[in-house]
Amino acid sequence: MSKNRISQWLLGSILFFFFLGCQPGKESPKVIQGILDLRQWNFQTDGNISLEGEWEFYWDRLLPDTNPKEQSSSISYIKVPAKWDKGRNVTHKYPSYGFASYRVKVLLPESNTQLSLKISSISSSYTLFINGKEISKGGNVGKEESEYSPGYKPGVFSFISDKPELEILIHVSNYKYSNGSGIWNPIQLGNTADIQQLSLRATMLDSITFGTLFVMSLYHFTFYLMRRRDPSALFFAVLCLCIALRVSFYGERIFYNVFPIFKNYEFSVRGEILFLFLLLPGTILYVQSIFKEQFRKDKVFNIIFYLSLLLVFSAAFFPTKLFTMSFFINSLEIMMLGILTYLFFRLAFMSFKKVEGARICFFSLVVNLITVANDVLYLNKFIDSFYMVPYGVLALVLSQCVLLASRFSKGFVLAEDLGEELKKLNVNLEQIVVERTENLNESLKLLKGDLSLAKKLQQKTLPTLNLNGKNVSIHPYYLPMSEIGGDYYDIFELEPGYFRLFLVDATGHGVQAALLTMTIKAEFESIKFIKDQPSRILELLNAACCQKYKSINIIFSAVLADIDLNNNVLYYSSAGHPPQVLKQKQEGADYLYSRGPIIGLKKEATYKNVTVPLLSGNRIFFFSDGIFEEFDQEKKEFGENRVLSILSRNTGIQEVAEDLISELQIFVGPRGFQDDVTLLAVEVH
């Protein structure tokens, strides 16, 4: 069956049931000047009846009054259902905020009849009396706002009339809801079983609608999580969820007796209006995701979208009196009708142009235009009808499910076709992969050879020092993260009994950092033998690097120390390097601090000199930050405290240094070092 025939069949079915529902039946009696004559009405055969018509209305009064004369002289009538402050059924409009009494007398065919009333919602608090007896109460009716509290209490209320005349009295007050006050939903009267069945059918319809929409929302949201490239499934899921929640807050209020929070007036009203307002931006986002080329940059869509966000903001954060004002509700109605009308013509044109998906969207739009227009007119009491949006929504959901399923199906078919083509390509691809792998292996062998040579050359640049007969011992440890690293050190005797030690940690790792260390070494070679304070040597090195290598931005931390064994003094200066460790024989280990900027950042940088007296047995440990900035599998740092604890041990200096390296390797585990590690252990004899 073609798509055109499917659309025609669905449209014909809708029209058939619509006209079927419009067939005339037995005319129901109406309330005339406060009296409903049901003496010729048989509830068993004729069914339930809606208490519509002219009810007695007493503004600013809660009956019964103590003065019967005043009561009879001030009787006025009002159409029910209707809002007492607006609507076509109200000839005299009253203030939105205030209190009043509604009363109707029902003449029954017999007494001692068990009957029930079905009440949806009354704005915004009410008390129901039947023959002078209180039957139900929603909120707190008050003559002043301080005595009043709003509340919903929909439901079916049963009673037995002990006489053939029934007086229904309803006290109503409203000081909270701005978009209409009074009884503006029909009240049904009938046999208890029939009324309960009517309520059950309505509840089941709302439950089915909610369940269907909620499941559709979960399904399409899950589908989006599996395929995030197409946001249409996400926006459709959000749209279905908003409509489902709107259904739960309106009509039969299906969660009223399930969750106590739904009995809270503020929560119910805010949820009812908020999800109503969310439908407009949700619809726009969904249409834009389906027809990206046609609507993504559409100015009308974008303007209405941002205006609708203001409505959503008002419902989310404004007080109830503000966001329930007619201005906000009417603005939504105007924008919704405007966008749907605009879509009608755009989709009609797109359907004519045979744009994919346009026809089925146009069909669902026609159905929703009818239902939305009906509900807007019915809500404002311009027509006598019933809420049709749930049916329009169901048609929308089903049609959009068909559209999305069609699109996804085409995507799967395309994926299968591409898979078949990929299988054919794989036959030739395997041979290409083999050839490319061989070429890569050859390149890898050359690269490994180059790195091996570079490693040997870098090892050769590290100093070897014969300290036999000297009053100092130095044990160097150099462990690069990869084949070559970015740490570098130099140790030499400037003059007899005067040793200079230089340690560098260049930024980065691997080949790039190794090349930087070679440049640093070349610059240091030109000034290393100058007999001056370590801080002055660092200043000269910094000035040279800033001047010569400004374009390539050489940045590194360094520490320079002079060990004067003739005077038993250590001269020490740091350029952005972490504090080093000094362990005196009588005391525990502690950090040596000398603050100065990293070399290469500032040309006129100055550095401080630290002088420390040395005694026989003193130990100095120089190292790069890779020592304590390594992490284990759980991202915990090795840390300065752990380093200090190990270096405080009183075993041999070589054993202490090797313990530190060993415990660090165990700490990082199989993943290995994440930075270059250098340690220079010095002991004065």
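In this chain, residues are counted from 1 in sequence order. Computed from heavy atoms alone, side chains included, the values below leave out hydrogens, waters and symmetry copies.
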Next item on the list: List the steps, then state whether side-chain contact (heavy atoms from CB on, under 4.5 Å) holds for V287 with Q294.
Entry: CA-CA 10 Å; V287 173; Q294 291 80 10; over 6 Å; no
Notebook entry, point to check: How many angstroms lie between NE2 in H577 and OG in S624, if you round to the nearest 0.5 Å?
Noted result: 6.0 Å
Next item on the list: Classify the angle between the aromatic ring planes of F249 and F267 as parallel (below 30°), tilted (30 to 60°) or perpendicular (above 60°).
Entry: tilted
Next item on the list: Identify the two heavy atoms, one from L280 and one from M335, that lie closest to each other, and give their separation to 0.1 Å.
Entry: CD2-CB, 3.7 Å
Next item on the list: Count the heavy atoms of every other residue, nucleotide or ligand shown that sit under 6.0 Å from CD of E604, and state whether that count exceeds 12.
Entry: no
Notebook entry, point to check: Just wondering, more than 12 heavy atoms not from K608 lying within 6.0 Å of its NZ?
Noted result: no
Notebook entry, point to check: Salt bridge or not for E663 and R642, using N-O below 4.0 Å?
Noted result: no
Notebook entry, point to check: Mind checking whether D562 and F499 have side chains closer than 4.5 Å, heavy atoms only?
Noted result: no
Note to self: To the nearest 0.5 Å, what is the distance between CZ on F317 and CG on L322?
What the structure shows: 14.5 Å
Notebook entry, point to check: Is K531 salt-bridged to E495, cutoff N-O under 4.0 Å?
Noted result: yes
Note to self: Show the nearest heavy-atom pair for residues T651 and R619, with the distance to one decimal.
What the structure shows: O-NH2, 2.8 Å
Next item on the list: Under the side chain to side chain donor-acceptor pair (under 3.5 Å) rule, what do Y224 and R228 come out as? Steps first, then yes or no, please.
Entry: CA-CA 5 Å; Y224 168 75; R228 300 190 180 186; 5.3 Å; no
Checklist line | Point-to-point distance, once rounded to the nearest 0.5 Å, from CG of L515 to OG1 of T517 | finding: 7.5 Å
Notebook entry, point to check: Taking the side chain from N609 and the backbone from S535, do they hold a donor-acceptor pair closer than 3.5 Å?
Noted result: yes
Check: Quick one: does S645's side chain have a donor or acceptor within less than 3.5 Å of a partner on N641's backbone?
Finding: no
Margin query: Please check: side-chain N/O of D564 versus main-chain N/O of N568, any donor-acceptor pairing under 3.5 Å?
Written below: no
Check: So is R346 actually on top of F295's ring, under 6.0 Å and inside 45° of the axis?
Finding: yes
Next item on the list: Mind running side chain to side chain donor-acceptor pair (under 3.5 Å) on H685 and S616 for me, showing each step along the way?
Entry: CA-CA 5 Å; H685 302 301; S616 177; over 6 Å; no
Next item on the list: Could you pull out the closest heavy-atom pair between S594 and S573, with the gap in Å?
Entry: OG-CA, 3.8 Å
Margin query: Under a 4.0 Å threshold between the charged nitrogen and the carboxylate oxygen, would K548 count as salt-bridged to E523?
Written below: yes
Notebook entry, point to check: Looking at CG of D532 and OH of Y571, how far apart are the two atoms once the value is rounded to the nearest 0.5 Å?
Noted result: 11.5 Å
Check: Is it the case that more than 12 heavy atoms not belonging to Y591 sit under 6.0 Å from its OH atom?
Finding: yes
Next item on the list: State whether the side chain of T222 and the backbone N or O of L218 hold a donor-acceptor pair below 3.5 Å, judged by distance alone.
Entry: yes
Check: Would D590 and K583 pass as an ion pair if we require N to O under 4.0 Å?
Finding: no
Next item on the list: Applying side-chain contact (heavy atoms from CB on, under 4.5 Å), run through V612 and V610 and close with a yes or a no.
Entry: CA-CA 7 Å; V612 180; V610 176; 3.9 Å; yes
Next item on the list: State, yes or no, whether a side-chain contact exists between I653 and H475 at a heavy-atom distance under 4.5 Å.
Entry: yes
Notebook entry, point to check: Is there side-chain contact between L680 and F621, with heavy atoms separated by less than 4.5 Å?
Noted result: no
Check: What closest approach, in Å, do F277 and S314 show between heavy atoms, and which atom pair accounts for it?
Finding: CE1-OG, 3.9 Å
Checklist line | Over all atoms of both residues, closest heavy-atom pair of I555 and L601 | finding: CD1-CD2, 3.8 Å
Next item on the list: Find the distance between OH (Y498) and CG (N566) and round it off to the nearest 0.5 Å.
Entry: 9.5 Å
Note to self: Tell me whether N542 contacts the main-chain N or O of K602 through its side chain, where contact means a donor paired with an acceptor under 3.5 Å.
What the structure shows: yes
Notebook entry, point to check: Got F631 and Q674 here, is their nearest side-chain heavy-atom distance under 4.5 Å?
Noted result: no
Notebook entry, point to check: Around atom CZ of F492, are there more than 12 heavy atoms of other residues, nucleotides or ligands at under 6.0 Å?
Noted result: yes
Notebook entry, point to check: With a cut-off of 6.0 Å (strictly less than), are more than 12 heavy atoms of other residues, nucleotides or ligands near CD of E293?
Noted result: no
Item checked: Side chain N302, main chain D298, donor-acceptor under 3.5 Å -> yes
Item checked: Check: Q580 side chain, P578 main-chain N or O, donor-acceptor pair, under 3.5 Å -> yes
Check: Between T519 and I554, which heavy-atom pair has the shortest distance, and what is it?
Finding: CG2-CD1, 3.8 Å
Notebook entry, point to check: Once the angle between the rings of H220 and F236 is folded into 0 to 90°, is it parallel (under 30°), tilted (30 to 60°) or perpendicular (over 60°)?
Noted result: perpendicular
Next item on the list: Dump the intermediate steps for side-chain contact (heavy atoms from CB on, under 4.5 Å) on F221 and L241, then the final yes or no.
Entry: CA-CA 10 Å; F221 182 72; L241 182 61; over 6 Å; no
Check: Are P597 and Y607 close enough that some pair of their side-chain heavy atoms sits under 4.5 Å apart?
Finding: yes
Note to self: Does the plane of the ring in F524 sit parallel, tilted or perpendicular to the ring in F502? Use 30° and 60° as the thresholds.
What the structure shows: parallel
Check: Q288 and F305: side-chain contact (heavy atoms from CB on, under 4.5 Å), yes or no, with the steps?
Finding: CA-CA 11 Å; Q288 287 181 330; F305 175 76; 5.8 Å; no
Margin query: Are there over 12 heavy-atom neighbours, none belonging to F318, within less than 6.0 Å of that residue's CZ?
Written below: yes
Check: Got Y572 and S574 here, is their nearest side-chain heavy-atom distance under 4.5 Å?
Finding: yes
Notebook entry, point to check: Would a 4.5 Å heavy-atom cut-off, applied to side chains only, mark I620 and L614 as touching?
Noted result: yes
Check: So with a 6.0 Å cut-off around CZ of F214, is the heavy-atom count from everything else above 12?
Finding: no
Checklist line | D659/R649 salt bridge by N-O under 4.0 Å criterion | finding: yes
Next item on the list: Would you confirm whether S217, through its side chain, and L213, through its main-chain N or O, come within 3.5 Å as a donor-acceptor pair?
Entry: no
Checklist line | Test item: V682 and F622 side chains (from C-beta on) under 4.5 Å apart, heavy atoms | finding: yes
Next item on the list: Determine yes or no for a side-chain-to-main-chain donor-acceptor pair under 3.5 angstrom, with E630 supplying the side chain and F638 the backbone.
Entry: no
Next item on the list: Determine yes or no for a side-chain-to-main-chain donor-acceptor pair under 3.5 angstrom, with E539 supplying the side chain and A543 the backbone.
Entry: no
Check: What is the distance from atom CG of L570 to atom CG of L592, rounded to the nearest 0.5 Å?
Finding: 6.5 Å
Check: Has Y593 got more than 12 heavy atoms of other residues, nucleotides or ligands less than 6.0 Å from its OH?
Finding: yes
